[in-house]
Amino acid sequence: MFSGCSPVAFGGHRTLLHPSPGGTRSRIVSLRLHLHRCYRITSFMMNDENNSRRLNFYRSARGLATTTHSAGTVSDQDFAIFRDLLKPLGPQSPISDSRRNDVSAVTSLELAGARVIKAPAVSRAQLFPIPSAFQGALDALRQRDTRRLLIHLKKISLMREFDLQEAVAALPRTTFTEFLRSLDPLCVARYADVTGQTHVSVGMYQTLSMGDVIDDWGVRRLYSQLLQRMLILLSALKASGHILQTEEYFYLLRAAGAASDPKGAKWIWEEMVRTQTTDWRQSEAYAEFISARFLTRPLYTGYDKTRRAVTPRDLHRSRLLLHGRRVSKLDQLRFNTRLKRLRFGLNKDTSHTEDIMRMMRKTGPPTRLFHKLLGDGIRMNEPLLCAMMIAFGRVGSLRFISSRILDDYFGIHMTPSTSENQLGIQIAPYDMQTSRVAHRVRPTMRLMQAVVETYGSNGEIATAFALVDHISKAYDIPIPRSIWQDLLEWTYIMGSPPTSTAWKLAGMPSKIPSSSAIEVIWDTMTSAPYHVQPNFEQYNILIRNLLGRHRFGAFLPHMRRAVALYNAECREYEEVALEYVRMINDGVLISEAVYRYERARFKKEKMWYDIGTWCRQFLSSVRSFDPANPLPNTMVPDFIREFKPFITNPARYRTATGYVSLLDPARERPHGVSVSYLSMTIPMKRKRIWVYQSVKARRLAIQSSHSLAGHASIANVGLLTLLTSSSRTSAYLAKLREESEGRPVTKNLESTKSSTSVAESSYDDDDDW
């Protein structure tokens with residue numbers, strides 16, 4: 001008989017608690033270990049729910065970097081013995097004397113096998129039941145349906161804490177990673193964000209009633225809610241005993257960046273310190289953290305370049321020293337512009353109003369990061385270098401960028417120059433040369449984007465253009481349309497108030513590009529060798545610039561081409577709307593069709609708003625003190641007649657003898673509603689003492705057929721209404737219904753709610769995302 005000994009596990013390897021007697025064959029020892037493992041699994045299956053969760057954690061922990069090694073396998077010969085053990089022994093199985101004297105253990109195993117009973121098979125679904133919300137999310141994950149996945153994510157976040165932890169513990173670890181991968185904000189922006197890569201200004205936010213899409217801080221609600229729900233999943237994951245993998249940190253950092261939350265990105269980055277996984281930080285991890293910490297991607301600031309523009313007030317006492325009088329004027333300018341911008345672009349984590357870029361004005365954080373990368377020996381690839389360039393650009397460290405990044409890593413040497421630059425606007429500050437020494441990193445289009453972002457945000461338009469042209473010619477890289485778009489936008493922002501006013505007050509007029517700079521870039525873009533066909537966004541910048549310079553005869557041809565693009569977008573919207581109605585009537589859910597409808601709906605109304613802005617800018621710029629001037633007497637009425645669908649009713653303009661107001665009773669009149677008053681506390685310096693001045697900014701919502709508010713059921717919207725109007729609020733639809741029946745409108749548009757009893761279709765769920 002063997003002495004009593006039982007197997008135990010240390011770090012995933014099984015061994016015997018007591019040594020086996022001398023002469024014990026190795027096959028017997030292996031068999032005992034294998035039988036002990038089978039007993040452990042069977043006991044776990046037959047135990048309570050807590051043991052099931054522990055078994056699941058043991059299985060899923062194999063995917064972590066801190067997991068233990070798996071146990072050794074059993075040989076074929078030992079497995080054959082174990083298989084014979086499970087065979088039932090027949091009633092007529094005499095045992096001969098020869099088999100009794102056999103030195104092997106087969107006989108004793110066969111005798112013991114007569115009393116072995118197989119455990120019933122238990123499916124994984126019975127052991128680990130998955131809630132319906134998670135099951136729907138997994139189905140959407142298999143179908144690669146991002147929109148449906150976000151809808152089920154909302155349901156998951158509303159689960160009870162204990163149930164959520166149980167569900168996360170029941171999921172395989174690889175499935176959870178794939179779940180977070182599908183929630184990547186870059187993926188969500190491509191397949192679920194109907195606003196696309198569009199900057200939503202304060203005026204568009206109020207005119208189109210986009211309170212359901214944009215929050216008070218100018219951030220898309222889609223991403224702020226996504227960050228909150230991903231953090232809920234992270235909490236449940238930690239409660240189940242797991243830690244995040246390196247790839248999963250990327251998605252959380254991107255979610256923090258998309259929500260414009262630099263402090264949240266820092267908290268996620270410090271999670272590696274709390275879980276003692278800082279050794280996983282490599283080039284890609286640092287690049288994602290820097291992008292979220294300094295908001296280097298356009299998505300992270302809502303594609304709003306005015307938030308990312310470096311101002312002289314932020315550079316005061318960090319890169320330059322301004323006189324007290326200039327600082328006071330800059331503070332007053334900041335106060336005046338803040339009332340018009342509401343809370344857009346503010347830091348959420350402060351009690352007073354502070355621009356989110358102002359918290360990045362200090363040079364210490366990017367400098368420490370750069371030296372830490374060099375000290376730790378992190379490989380400096382192009383994504384990481386470009387993120388560092390933009391981070392240093394946030395604090396105005398352009399000399400450091402040119403010497404330590406462009407020269408050392410890309411081999412681009414910038415020397416002062418006295419010759420006229422390629423824009424023909426001002427004297428070029430630098431000549432570009434490529435070093436003969438082999439550069440460490442070969443530039444791509446990513447470097448072009450970083451150069452335009454860095455130098456454009458600092459008012460160095462000529463340097464940005466010269467660098468882009470040099471990289472394109474030296475490395476044979478074509479300049480994409482997005483680079484031209486960024487150059488036009490930065491030139492327009494730096495040459496228009498209030499940014500140009502700030503540089504003038506600071507005594508730095510060299511930062512302001514010439515008024516003809518946009519036209520020079522436009523001519524270069526559309527001529528040889530580039531031949532770029534302008535799109536609507538580029539027409540928008542050019543027309544605004546021409547109207548600001550009162551070149552009324554030059555903007556009309558461009559405006560007519562832009563209106564032709566708008567008409568093409570209207571035709572596309574009609575096709576998508578018909579497809580959307582057919583889908584609803586057939587009772588078929590196709591998320592892609594819903595997304596196309598919402599996307600076309602937004603693009604059409606965004607283009608309508610931009611054209612209407614041009615019309616208002618033109619009518620407000622008309623000035624004439626000569627009664628015989630044909631501009632207000634002939635051109636303006638013809639302009640109103642041609643672009644009537646885009647002009648606010650009534651149309652107002654000024655003549656030599658007074659103001660004219662033209663009302664068209666056949667057209668609707670937009671109805672403005674004061675939604676709320678936003679309280680803000682703005683720090684101001686009064687007599688060398690900082691005080692907090694409290695103000696209230698009124699937030700409006702314009703109710704019209706072009707409003708993007710409301711998600712009434714498609715069953716309550718007629719096809720004609722759907723094709724001619726974008727508003728789907730219940731109040732607006734009730735107003736149209738009463739007007740069509742010839743009854744007076746008796747319901748208040750401000751407080752009217754849907755009175756119809758028809759429930760919204762489950763497929764018509766654009767209120768979710």
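Atoms CZ and OH, on F602 and Y573 in that order, are 14.0 Å from each other to the nearest 0.5 Å. Separation of atoms CG (L487) and CE (M525) is listed at 10.0 Å; rounding is to 0.5 Å. From Y223, atom OH reaches atom CZ of R254 across 13.0 Å, with rounding to the nearest 0.5 Å. The CG atom of L556 sits 8.5 Å away from atom CG of L547, with the distance rounded to the nearest 0.5 Å. Rounding to the nearest 0.5 Å places OG1 of T499 at 13.0 Å from NZ of K511. Note that the OH atom of Y286 and the CG atom of L369 stand 7.5 Å from one another [nearest 0.5 Å].
Taking both residues in full, the closest heavy atoms of D215 and S224 are given as OD2-OG, 4.3 Å, listed atom of the first, atom of the second, then distance. Taking all atoms of both residues into account, the shortest heavy-atom contact from P443 to I471 is CB-CG2, 4.2 Å. Summarising the geometry of A192 relative to L150, their closest heavy-atom pair is CB-CD1, 3.7 Å, with the distance given to 0.1 Å. Across every non-hydrogen atom of N458 and W503, the tightest pair is O-CZ2, 4.4 Å. In terms of heavy-atom proximity, P185 sits nearest to L299 at O-CD2, 4.3 Å. The shortest non-hydrogen separation linking L180 to M230 is CD2-CE, 4.0 Å.
At distances below 3.5 Å, not a single donor-acceptor pair connects side-chain atoms of D376 with backbone N or O atoms of I378. Using modelled atom types, no side-chain atom of R440 and backbone atom of F410 make a donor-acceptor pair closer than 3.5 Å. Q538 places a side-chain N or O within donor-acceptor distance of the main-chain N or O of N535, the cut-off being under 3.5 Å. Judged by distance alone, the side chain of R599 and the main-chain N or O of V194 form a donor-acceptor pair under 3.5 Å. A donor-acceptor contact shorter than 3.5 Å is absent between the side chain of R394 and the backbone of A391. Although no hydrogens or angles enter the test, the distance criterion places no donor-acceptor pair under 3.5 Å between the side chain of S472 and the main chain of P478. No side-chain donor-acceptor contact under 3.5 Å links D355 to the backbone of M357.
Figure legend: R308 and W490 shown without cation-pi pairing, the cationic atom not lying both under 6.0 angstrom from the six-membered ring centre and within 45 degrees of its axis.
Within a 6.0 Å radius of OH in Y191, no more than 12 heavy atoms belonging to other residues, nucleotides or ligands are found. Heavy-atom contacts from other residues, nucleotides or ligands closer than 6.0 Å to CG of D523 number more than 12. Counting non-hydrogen atoms of neighbouring residues, nucleotides and ligands closer than 6.0 angstrom, the CZ atom of R561 exceeds 12 such neighbours. The number of heavy atoms from other shown groups lying within 6.0 Å of CD (E270) is above 12. In this structure, R181 places its CZ atom where more than 12 heavy-atom neighbours from other residues, nucleotides or ligands lie under 6.0 Å away.
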Q449 and E453: CA distance, side-chain angles, deciding distance, side chain to side chain donor-acceptor pair (under 3.5 Å) verdict: CA-CA 6 Å; Q449 296 172 344; E453 176 73 18; over 6 Å; no
Test log, rule side chain to side chain contact (heavy atoms under 4.5 Å, CB included), inputs V188 and L149: CA-CA 10 Å; V188 172; L149 183 63; over 6 Å; no
Trace of the salt bridge (Lys or Arg N to Asp or Glu O under 4.0 Å) decision for R596 with E592: CA-CA 6 Å; R596 284 198 301 268; E592 186 178 355; 3.2 Å; yes
Audit row: D314, T311, side chain to side chain donor-acceptor pair (under 3.5 Å) steps and yes/no: CA-CA 5 Å; D314 294 340; T311 62; 3.0 Å; yes
Check against side chain to side chain contact (heavy atoms under 4.5 Å, CB included), C187 and T146: CA-CA 8 Å; C187 178; T146 305; 4.0 Å; yes
H316/R313 under side chain to side chain donor-acceptor pair (under 3.5 Å): CA gap, chis, key distance, verdict: CA-CA 5 Å; H316 178 55; R313 184 64 180 89; 5.0 Å; no
Evaluation steps, ring-ring contact (aromatic ring centres under 6.0 Å, His included), between Y249 and W280: CA-CA 10 Å; Y249 279 105; W280 298 353; 7.2 Å; no
Evaluation steps, salt bridge (Lys or Arg N to Asp or Glu O under 4.0 Å), between R297 and E288: CA-CA 10 Å; R297 285 194 174 99; E288 293 295 340; 3.2 Å; yes
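In this structure, the side chains of M607 and C570 stay at 4.5 Å or more apart for every pair of heavy atoms. Contact of the E519 side chain with the R551 side chain is registered, since non-hydrogen atoms from C-beta on lie closer than 4.5 Å. Considering only heavy atoms from C-beta on, V200 stays 4.5 Å or farther from K606 through its side chain.
Side-chain contact of R544 with N540: a donor-acceptor pair under 3.5 Å is present, judged by distance alone. Side-chain contact, E247 with T177: no donor N or O sits under 3.5 Å from an acceptor N or O.
Checked against a 6.0 Å centroid threshold, the rings of W614 and F555 do not count as neighbours. Note: F618 and F552 meet the aromatic proximity criterion, with ring centroids under 6.0 Å apart.
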